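Note sheet for the following structure.
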Amino acid sequence: MKRRNFVQRTLLGTFATALGTELVFGTHMPEGYTPIGLQEPDPFTLFKKDSRMTVLNKKPWNIEAKAHLLDDRVTPNNCMFLRNNGLIPENIDADTWTLTIDGEAAKQQKTYSLSDLKAKFQHYTYQLTLECGGNGRSEFDPPAKGNQWTVGAVSCANWTGVRLRDVLADAGIKDDAVYVGYHATDQHLSRDPEKEPISRGAPMKKALQDETLLAFKMNDAPIPLAHGFPLRLVAGGWPASVSGKWINRISIRNIVHDGPKMTGTAYRVPCEPVAPGTKVKDEDMCIIESMPVKSLITYPQSGATIKEGKKLTIRGHAWAGELAVAKMEYSIDFGATWIRCPVEKPFNRLAWQHFKASVAFPKNGYYEIWARATDSQGTAQPMVLPGWNPKGYLNNACHRIAVKIV
Amino acid sequence: MEHNDQGSFTKHSKTFLFGFLLVGGLFFLVYCFMTQKTDSSESDYVKVPEADPDRIENGIHLRTGLIDAKGLTEVVTNCTSCHSAQLVTQNQMNKEGWIATIRWMQETQNLWDLGANEAIIVNYLVTNYSPEKKGRRQRLKGVEWYVLEE
């Protein structure tokens, strides 16, 4: 037998073993072709993401944008980061989907269909900034465990839904309510049906805000599956893990919610600042609430070479968790001097704000443009890594791009 | 009764016809397989790119992206059934950190008792994925220079 046949047969045998069935007409398959049943799913096609995004983890799926992919004023799905703690649910039927309100501090347990929610409560649309608590983790030293996000785990999309407050009030909130905790249909990585991958929440004061939504639309279309179809809790300005996806139950708790990823080092930082690498006891860790002030230069892409004498337009977004951004500055001399530039008012509370500047350079050479936002309480972004914490949250060090003038 | 016999006859002949077609079809497939082009030269050899799950290139286990070193098999077997190997390759920890991560997975994520493999796995992780000093702010890395016309 010629070697080609031998190799091809062996290959077909391997494919057949992997597929668990015979490949009929397998010998007609073009060379180098991998049957669809064996191909790794292409996340960019699967989730309709820009192919320039970075896949940090394919199980569970975690994908981040790059700064220059976030140039849109409202983030489209194709450049929105994807963060998963577990496996994305399958076979969702929006027609039979229900949301149950329960918990110690609910006056009654009440279940709503999606159409109930849409028909019974008024709809609202807000642009809401969602940033992963671990955005920027890759810079921590000593390194922090987890997906090594750089700068791209942030988005600001239009979210449409009903106010969580209206739904909670309809079910009835007892006086001892402290927290809401969500439950969802994603699957634990171990596929243990008894385990929830993540079940976080927010204190009542956040749950009852105007902008805290039970959303069914993102950017005027049904929420993409990977972003929480058919129902997502959206709590702008807080770690995006508060904005639970695929929500089917919300518990009004009379204690701080204690679901998975509410305890230990998850989404918590030392209550008091610690030296890098310090071991911190569980009882000395505090839950992250509002995200800190931060900004991103989304144009131009880092690495621009421009001609001498030309001014460079830069633009980007700035956000400040629960607060607004009051001041925006940039530096071309490693933070020695700062130049103020205009920043727009937010479209609504908790939406990111846009800034723009025209930058002049004194002579040819290598420059870094650094961006620094200051929030409405006067707190600015640090130029170096802020307080170390065991899981590498809340890195809001100023964003930098490289530029050459030739 | 007559009707039933008729039915049974039809059923048998269908089975026979089906069997005939099946056998015939198989002969045809074998014939196609044997007579396909046999004049192939070395350059015609089919590459086997995806099929080998153990392939190593430049010291990297291609399927998982893990560094090829002592303990690779134990790590692939025990550490990549729930999550991808990217959760390993992205991270850097010292011995204490990797052991703490294993304990956390055993306590909360259904990781099994690793037995004698634990020492092999921890040794692999510490040898290949231990922390580098980064300082408080690293230089900008991976800048791809391009000409910007405005």
Side-chain angles (χ1 to χ4, degrees), chain A residues 2-5 7-11 14-15 18 24-25 27-28 31-32 34 38-40 55-60 62 138-143 145-148 188-192 195 260 264 276 300-307 310-313 368 383-385 397 400-404, chain B residues 25 29 32-34 36-42 44-53 63 80-87 89-94 96-98 100-101 104-105 107-111 129-140 142-150:
Chain A
K2 294 281 181 182
R3 193 164 157 216
R4 177 196 155 91
N5 283 347
V7 173
Q8 185 153 8
R9 260 193 198 169
T10 313
L11 183 62
T14 310
F15 282 161
V24 184
F25 298 129
T27 52
H28 296 192
E31 286 179 26
T34 308
L38 283 180
Q39 286 171 7
E40 291 246 309
V55 177
L56 296 179
N57 196 343
K58 55 188 180 187
K59 190 182 174 189
N62 284 282
S138 60
E139 288 197 282
F140 276 77
D141 181 11
K145 188 182 76 165
N147 289 296
Q148 298 297 305
H188 193 266
L189 288 177
S190 64
R191 296 188 184 271
D192 179 347
K195 280 190 177 295
Q301 178 177 355
S302 184
T305 304
I306 61 167
K307 286 206 182 78
K310 287 222 167 184
K311 280 192 149 188
L312 175 67
T313 299
E368 288 180 12
M383 286 182 265
V384 295
L385 198 77
R400 309 169 293 169
I401 62 165
V403 175
K404 258 186 215 172
Chain B
L29 277 176
C32 290
F33 189 75
M34 299 299 279
Q36 69 167 3
K37 97 175 156 172
T38 49
D39 58 339
S40 41
S41 60
E42 285 289 320
D44 273 347
Y45 288 156
V46 177
K47 278 184 86 178
V48 192
E50 312 276 351
D52 182 2
R63 183 166 60 86
T80 65
S81 61
C82 284
H83 59 74
S84 82
Q86 289 163 301
L87 209 48
T89 57
Q90 285 186 75
N91 280 289
Q92 305 174 338
M93 278 175 256
N94 57 21
E96 192 186 9
W98 283 115
T101 303
W104 173 78
M105 287 189 284
E107 281 158 23
T108 69
Q109 306 293 306
N110 289 2
L111 174 62
Y129 299 97
S130 59
E132 296 161 12
K133 281 263 170 243
K134 292 187 211 168
R136 203 82 196 192
R137 202 91 218 245
Q138 290 183 285
R139 66 182 173 84
L140 289 177
V143 178
E144 290 169 24
W145 294 101
Y146 64 98
V147 176
L148 178 67
E149 308 275 5
E150 278 205 318

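In the text below, chain A, chain B and the rest are named by the order of the sequence lines, each starting its count at 1. Note that the structure is a prediction, hence the values are computed from the model and not measured.
In this structure, B/Ser84 and A/Asn57 approach most closely via the heavy-atom pair OG-OD1, 2.5 Å. Here the shortest heavy-atom pairing between B/Tyr146 and A/Pro300 reads OH-CB, 3.5 Å. Nearest heavy-atom pair, A/Asn147 versus B/Gln90, reported as atom, atom and distance to 0.1 Å: OD1-NE2, 3.0 Å. Pairing each heavy atom of A/Lys145 with each of B/Met93, the nearest pair is CG-CE, 3.4 Å. Residue A/Gly146 comes nearest to B/Leu87 through the heavy atom pair C-CD1, 4.4 Å, listed as atom of the first residue, atom of the second, then distance. The minimum heavy-atom distance between B/Gly135 and A/Asp141, with the atom names listed, is N-OD2, 2.7 Å.
In terms of the salt bridge (Lys or Arg N to Asp or Glu O under 4.0 Å) criterion, residue partners of B/Arg137 (sequence neighbours excluded) are, by chain and number, A/Glu139. Checked against salt bridge (Lys or Arg N to Asp or Glu O under 4.0 Å), B/Glu144 has no partners two or more places apart in sequence or in another chain.
If you measure heavy-atom distances from A/Leu56 to chain B, the contacts under 4.5 Å come from both the backbone and the side chain. Only the backbone of B/Ser81 comes within less than 4.5 Å of a heavy atom of chain A; no side-chain atom from C-beta onward does. Using a 4.5 Å cut-off between heavy atoms, A/Pro276 touches chain B through its side chain atoms alone. Using a 4.5 Å cut-off between heavy atoms, A/Val55 contacts chain B through both its backbone and its side chain. Heavy atoms of A/Ser138 lying under 4.5 Å from chain B belong exclusively to its backbone.
For the atom pair CH2 (B/Trp145) and NZ (A/Lys404), the distance works out to 5.0 Å, reported to the nearest 0.5 Å. Going from atom NZ of A/Lys195 over to atom OG1 of B/Thr108 covers 6.0 Å, rounded to the nearest 0.5 Å. Rounded to the nearest 0.5 Å, atoms CE (B/Met105) and OG (A/Ser190) are 12.0 Å apart.
Top candidate by heavy-atom pairs under 4.5 Å with chain B, chosen from A/Glu368, A/Lys310, A/Arg191, is A/Glu368. Contacts with chain B were tallied for A/Pro60, A/Pro142, A/Ala397; A/Ala397 has the most, counting heavy-atom pairs under 4.5 Å. With chain A as the partner, the residue from B/Lys134, B/Lys133, B/Glu132 showing the most heavy-atom pairs under 4.5 Å is B/Lys134.
Inter-residue side-chain proximity for B/Gln86 and A/Asn62 is flagged as unmet; no heavy-atom pair is nearer than 4.5 Å.
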